[in-house]
Amino acid sequence: MTAESRRPAGAPRSSVLGQLLPGYPAREHWRLVPSTGQHYLDLGAGEPLLFLHGNPTWSYAWRGLLPALAPHGRCLAPDLPGLGLSQHLALPADPAARYQAQLDHLDALYRHLVDLEGVPARGWTFVMHDWGGPLGFAWLLRNPGVVSRLVVLNTIAFPWPDGYRLPFYLRWIRDHRPVAAATHATNAFARATFRVGVTHPLSPAERRAYLLPHRRRGNRRAITEFVRAIPRDATDAAWRLLEPSPESDDLRRIPMFIGWGMRDPVFTPDVLTEWTRRHPHAVVRRYPNAGHLAMEDAGDELGADIRAFLEGQR
């Protein structure tokens with residue numbers, strides 16, 4: 001497959017790539033899953049590291065970590081369906097069906113990588129942020145034996161802790177269709193995230209790069225749908241995807257690194273406390289001056305800490 005045939009429709013050509021996507025890996029690292037149109041990055045060699053981003057980010061979020069980690073493993077960073085350079089699909093309206101569709105895409109990506117791209121079937125490390133957390137955990141629970149290490153960054157994989165309250169702006173989008181429609185029309189959620197989700201401002205070029213794949217209204221439906229799918233309480237059916245079965249891996253036996261931006265208004269320190277309660281074996285690093293996008297605010301330190309964690313598990 002040539003580099004040109006791998007280029008997603010509408011993706012910028014290499015001559016202007018550096019201007020449109022500053023810091024993003026070169027075109028020779030771009031790939032597509034033929035069966036789904038899912039875009040992913042592939043760089044480095046060795047044991048596989050799968051990077052799962054959240055909403056409204058895409059694989060552009062990992063550009064700062066990849067140079068630190070690609071020399072130590074094969075870094076695979078997909079864009080979730082409907083986000084980034086992946087095909088913009090109309091995902092099912094039912095939240096449970098939407099989660100299942102995302103998991104089916106992860107299944108297709110895994111089979112593509114193992115069957116056609118020479119990636120080993122086991123020994124994977126999952127690096128998960130935001131929505132990438134529940135999706136990654138749900139997938140590994142139903143695919144025992146694949147994942148050997150976990151890197152958790154400002155996310156959740158269990159019902160919200162007692163007393164937690166979702167920020168009002170997320171509740172408004174989730175619970176009120178007119179607000180969701182206005183957010184979709186203006187791309188307000190994404191625009192706000194790339195300003196208030198960091199404590200160290202992104203450059204104008206970086207903000208434009210994040211927004212580039214979703215500049216058209218028809219290409220940003222998944223952003224609003226992800227917010228609308230946020231579970232409300234412990235009775236939400238979505239949490240059942242995160243309940244281990246007798247066949248699932250014992251998460252207490254999987255080495256885990258938790259890196260946390262302590263100034264995250266969504267995944268607050270209370271959420272981190274619940275992580276440490278559930279997984280006391282985890283290596284925990286707190287980044288006091290980092291926000292929701294910890295990979296932006298604490299990229300160099302975070303990259304070094306993840307690399308040290310991975311090297312310590314070999």
Side-chain angles (χ1 to χ4, degrees), residues 51-57 61 65 95 99 126-138 140-141 149-176 179 189-190 192-200 223 226-244 250-252 254-299 301-302 305-306 309:
F51 293 76
L52 296 173
H53 66 82
N55 180 45
T57 58
L65 290 182
Y99 297 136
F126 274 17
V127 183
M128 301 169 289
H129 177 255
D130 191 81
W131 268 105
L135 290 174
F137 269 85
L140 72 89
L141 287 173
R149 292 165 296 274
L150 292 168
V151 175
V152 173
L153 309 173
N154 290 72
T155 186
I156 197 163
F158 42 77
W160 300 108
D162 291 342
Y164 176 86
R165 188 167 173 79
L166 200 69
F168 72 90
Y169 47 87
L170 292 179
R171 298 198 308 272
W172 286 358
I173 298 171
R174 184 193 63 186
D175 299 336
H176 303 285
V179 178
F189 176 64
T193 296
F194 302 128
R195 290 186 179 274
V196 303
V198 293
T199 57
H200 299 83
I223 293 177
F226 266 113
V227 180
R228 300 269 296 164
I230 295 174
R232 286 168 170 77
D233 54 43
T235 65
D236 196 293
W239 298 123
R240 287 201 286 272
L241 292 171
L242 297 167
E243 295 175 355
D250 184 352
L251 296 179
R252 295 171 298 180
I254 298 181
M256 181 183 300
F257 172 89
I258 301 176
W260 210 263
M262 298 300 289
R263 294 172 63 181
D264 188 338
V266 179
F267 299 105
T268 62
D270 287 343
V271 179
L272 172 60
T273 298
E274 184 64 11
W275 273 106
T276 58
R277 186 188 72 81
R278 289 171 176 261
H279 303 286
H281 71 294
V283 175
V284 181
R285 295 289 183 268
R286 296 169 175 83
Y287 305 100
N289 297 317
H292 177 63
L293 299 177
M295 65 284 283
E296 296 286 358
D297 288 327
E301 186 178 0
L302 178 60
D305 288 342
I306 295 174
F309 166 74

**Student:** What pairs of donor and acceptor atoms, side-chain ones from residues 288-297 against any protein atom, are under 3.5 angstrom apart with sequence neighbours left out?
**Tutor:**
| unit_1 | atom_1 | unit_2 | atom_2 | d |
| --- | --- | --- | --- | --- |
| H292 | ND1 | D264 | OD1 | 3.4 |
| H292 | ND1 | D264 | OD2 | 2.7 |
| H292 | NE2 | D130 | OD1 | 3.2 |
| E296 | OE1 | R63 | NH2 | 3.1 |
| E296 | OE2 | R63 | NH1 | 2.7 |
| E296 | OE2 | R63 | NH2 | 3.2 |
| E296 | OE2 | Y210 | OH | 2.5 |
| D297 | OD1 | T199 | N | 3.1 |
| D297 | OD1 | T199 | OG1 | 3.4 |
| D297 | OD1 | H200 | N | 3.0 |
| D297 | OD1 | H200 | ND1 | 3.4 |
| D297 | OD2 | T199 | N | 2.9 |
| D297 | OD2 | T199 | OG1 | 3.3 |
| D297 | OD2 | G291 | N | 2.8 |

**Student:** Do L170 and F189 make a side-chain contact, defined as non-hydrogen atoms from C-beta onward lying under 4.5 Å apart?
**Tutor:**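 Side-chain contact under 4.5 Å: yes.
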**Student:** Please report the C-alpha distance between F257 and L302 in whole Å, then the side-chain angles of each, then the deciding distance to 0.1 Å, and finally whether the side chain to side chain contact (heavy atoms under 4.5 Å, CB included) criterion is met.
**Tutor:** CA-CA 11 Å; F257 172 89; L302 178 60; 4.0 Å; yes
**Student:** Side-chain contact, heavy-atom cut-off 4.5 Å: R278 with L251?
**Tutor:**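 Not in contact.
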**Student:** Counting N and O atoms only, with roles assigned by atom type, does the side chain of W275 sit under 3.5 Å from a partner on the main chain of V284, one being a donor and the other an acceptor?
**Tutor:** no
**Student:** Can you tell me how far CE of M128 sits from CG of L135, rounded to the nearest 0.5 angstrom?
**Tutor:** 10.0 Å
**Student:** State which residues pass side-chain contact (heavy atoms from CB on, under 4.5 Å) with R240; sequence neighbours excluded, sorted by chain then number.
**Tutor:**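 Only A237, E243 meet the side-chain contact (heavy atoms from CB on, under 4.5 Å) criterion with R240.
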**Student:** How about T235 and D233: does a side-chain donor come under 3.5 Å of a side-chain acceptor?
**Tutor:** yes
**Student:** With distance as the sole test, does R286 use its side chain to make a donor-acceptor pair with the main-chain N or O of M262 at under 3.5 Å?
**Tutor:** no
**Student:** For the pair W160 and W239, name the ring-plane relationship: parallel under 30°, tilted 30 to 60°, perpendicular over 60°.
**Tutor:**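 Taking W239 first and then W160, their aromatic rings stand perpendicular (interplane angle over 60°).
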**Student:** Roughly how far apart are T155 OG1 and F267 CZ, rounded to 0.5 Å?
**Tutor:** 5.0 Å
**Student:** Roughly how far, to the nearest 0.5 Å, is the CD atom of E274 from the OG1 atom of T268?
**Tutor:** 11.0 Å
**Student:** Quick check on the 6.0 Å ring-centre criterion: do Y99 and W131 meet it?
**Tutor:**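 Ring centres of W131 and Y99 closer than 6.0 Å.
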**Student:** Is there side-chain contact between Y169 and V266, with at least one heavy-atom pair below 4.5 Å?
**Tutor:**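 Side chain of Y169 against side chain of V266, heavy atoms only: contact under 4.5 Å found.
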**Student:** Dump the intermediate steps for side chain to side chain contact (heavy atoms under 4.5 Å, CB included) on W260 and N154, then the final yes or no.
**Tutor:** CA-CA 5 Å; W260 210 263; N154 290 72; 3.8 Å; yes
**Student:** Of all the heavy-atom pairs spanning P161 and I156, show the shortest one and how long it is.
**Tutor:**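 Minimum heavy-atom contact is CD-CD1, 4.4 Å.
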**Student:** Where is the tightest heavy-atom contact between L166 and R174, given as atom of each residue plus distance?
**Tutor:**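 In terms of heavy atoms, the two residues are closest at CD2-NH1, 3.8 Å.
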**Student:** For residues I258 and A282, report the shortest heavy-atom separation together with the two atoms involved.
**Tutor:** CD1-CB, 3.7 Å
**Student:** Please round to the nearest 0.5 Å and tell me the distance separating atom CZ of R252 and atom NE2 of H279.
**Tutor:** 10.0 Å
**Student:** Is there side-chain contact between F226 and P56, with heavy atoms separated by less than 4.5 Å?
**Tutor:**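 No, too far: nothing below the 4.5 Å cut-off.
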**Student:** If you compare all heavy atoms of Y287 against all heavy atoms of G259, which two are closest, and at what distance to 0.1 Å?
**Tutor:**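 The answer is CE1-CA, 3.8 Å.
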**Student:** Could you report the tightest heavy-atom contact between A61 and T57, atom names first, then the distance?
**Tutor:**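 The answer is CB-CB, 4.1 Å.
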**Student:** Please report the interatomic distance CG(L141) to CG(L241), rounded to the nearest 0.5 Å.
**Tutor:**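 One finds 9.5 Å between CG of L141 and CG of L241.
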**Student:** Distance from R285 atom CZ to F309 atom CZ, nearest 0.5 Å?
**Tutor:** 10.5 Å
